[in-house]
There are 2 protein chains.
Amino acid sequence: MFLDDFAYMREAIALAEEAAAAGEIPVGAVVVDRETGEILGRGRNRREQDASPTAHAEILAIEEAARRRGSWRLSGCNLYVTLEPCPMCSGAIINSRIDRVIFGAYDEKAGAVVSVQQMFRLPYNHHPRVTEGLLEEPCAAVLRSFFEQIREKA
Amino acid sequence: MFLDDFAYMREAIALAEEAAAAGEIPVGAVVVDRETGEILGRGRNRREQDASPTAHAEILAIEEAARRRGSWRLSGCNLYVTLEPCPMCSGAIINSRIDRVIFGAYDEKAGAVVSVQQMFRLPYNHHPRVTEGLLEEPCAAVLRSFFEQIREKA
């Protein structure tokens, strides 16, 4: 079915804002079934709260979607995320066979999709398609205002 | 303190054998505190049982170690794993600031440490050291015999 990419990215932005309110670096993600348009998984960064190095938005959204499907295989799904995925999350996207990744802001220091490397172009066994920079400005703005507030407090 | 790398890798092999007995691709991992020699986390592949794309041995060992420490930061730890880590797990190793990765068998198709890419040599913000091929033969043998048994059953 037709997927309104902007609407799903706005969901991801709302999750990023939730992370910011909890004092976490604001990143949000949703996993969407391309057939039905249903959101199967939602995640936002919880690294500090959970004291877990794996508690990134994408990992939590992917894990919830897999629980919903009862399968590790998320073929036929899109992942929307406000920030370019890091190597861990890009690898989880490959492992879960997600069809397409749509990200907002670029991560020049830790991005594994286009910025530091182009992981999906390497000869792994799955090659997700990519849409870069969707709603880049609002996605980046959430991060920018979070770091500005931290600097003001410091 | 002095760490007996072989002893820890044998622990990881025992976890891989546990995975095989449960019908999972046999990979095992342990996270060890380099100061005390204590095993902080153990993991073995549970992808099919948990129906989760993130349930790799390394991720589960890292998550257990982080819970034990009460921190996402596993500086001062080694990770021992029977198979070269995939991109997801290599990324989790970077994110958790693990000092050194010791792996047994090479993964020519999915390895992100030396085989398909050399992720730890890219300009990310942490560069774990690597020991390759420790107890390679017994680590590879567990995998080989698992796949032989599957072929016989098929």
Side-chain angles (χ1 to χ4, degrees), chain A residues 24-25 31 41 43 45-56 58-75 77 79 85-98 107-113 115-126, chain B residues 24-25 31 41 43 45-56 58-75 77 79 85-98 107-113 115-126:
Chain A
E24 299 275 358
I25 294 174
V31 172
N45 183 25
R46 309 182 57 90
R47 184 178 70 165
E48 303 299 333
Q49 285 172 287
D50 290 2
S52 170
T54 62
H56 282 195
E58 301 94 311
I59 296 286
L60 299 172
I62 286 170
E63 288 178 345
E64 185 175 287
R67 280 194 300 273
R68 279 283 272 290
R69 273 216 173 158
S71 166
W72 58 263
R73 220 181 255 278
L74 299 177
S75 319
C77 289
L79 182 135
C86 78
M88 173 180 75
C89 294
S90 300
I93 288 162
I94 291 175
N95 290 352
S96 59
R97 311 292 192 267
I98 281 173
D107 190 338
E108 302 295 343
K109 286 182 184 164
V113 178
S115 294
V116 178
Q117 64 170 310
Q118 299 77 43
M119 189 188 284
F120 301 155
R121 302 267 64 89
L122 295 177
Y124 288 116
N125 66 347
H126 179 66
Chain B
E24 299 275 359
I25 295 174
V31 172
N45 182 25
R46 307 182 59 90
R47 185 179 69 164
E48 303 298 334
Q49 285 173 286
D50 290 3
S52 170
T54 62
H56 282 196
E58 301 94 311
I59 296 287
L60 299 171
I62 286 171
E63 288 178 345
E64 185 176 286
R67 281 195 299 274
R68 278 283 272 290
R69 272 216 174 157
S71 166
W72 58 263
R73 220 181 256 277
L74 298 177
S75 319
C77 289
L79 182 136
C86 78
M88 173 181 74
C89 294
S90 300
I93 288 161
I94 290 175
N95 290 352
S96 60
R97 312 290 193 266
I98 282 174
D107 190 338
E108 302 294 344
K109 286 181 185 164
V113 179
S115 294
V116 178
Q117 64 170 311
Q118 298 77 44
M119 188 190 284
F120 301 155
R121 302 266 64 89
L122 295 176
Y124 288 116
N125 66 348
H126 179 65

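All chains are named by letter (A, B, ...) in the order of the sequence lines, taking the proteins before the strands, and each is independently numbered beginning at 1. None of the values given here were measured: they were computed from a predicted structure.
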Seminar exercise, completed: Value for NE2 (H56(B)) from CH2 (W72(A)), rounded to nearest 0.5 Å, stands at 8.5 Å
For this session: Using non-hydrogen atoms and a 4.5 Å limit, figure out which bit of S71(A) sits close to chain B: side chain, backbone, both or neither.
Result: backbone
Exercise. For A112(A), is it the side chain, the backbone, both or neither that has a heavy atom under 4.5 Å from a heavy atom of chain B?
Worked result: both
Seminar exercise, completed: So CD1 of I62(B) and CE of M88(A): to nearest 0.5 Å the spacing works out to 9.0 Å
For this session: Return the option, out of R97(B), E63(B), R69(B), with the maximum number of heavy-atom pairs under 4.5 Å with chain A.
Result: E63(B)
For this session: For P87(B) and Y124(A), work out which heavy atoms get closest and say how close.
Result: CG-CZ, 3.3 Å
For this session: Examine whether an atom of Q117(A) lies under 4.5 Å from a heavy atom of chain B, and if so say whether it belongs to the side chain, the backbone or both; otherwise answer neither.
Result: both
Exercise. Under 4.5 Å between any side-chain heavy atoms of T54(A) and T54(B), yes or no?
Worked result: no
Seminar exercise, completed: Closest non-hydrogen contact found for A51(A) with A66(B) is O-CB, 3.6 Å
Exercise. Under a 4.5 Å heavy-atom cut-off, does chain B meet the side chain of N125(A), its backbone, both or neither?
Worked result: neither
Exercise. Hey, does N95(B) have a side-chain heavy atom less than 4.5 Å from the side chain of R47(A)?
Worked result: no
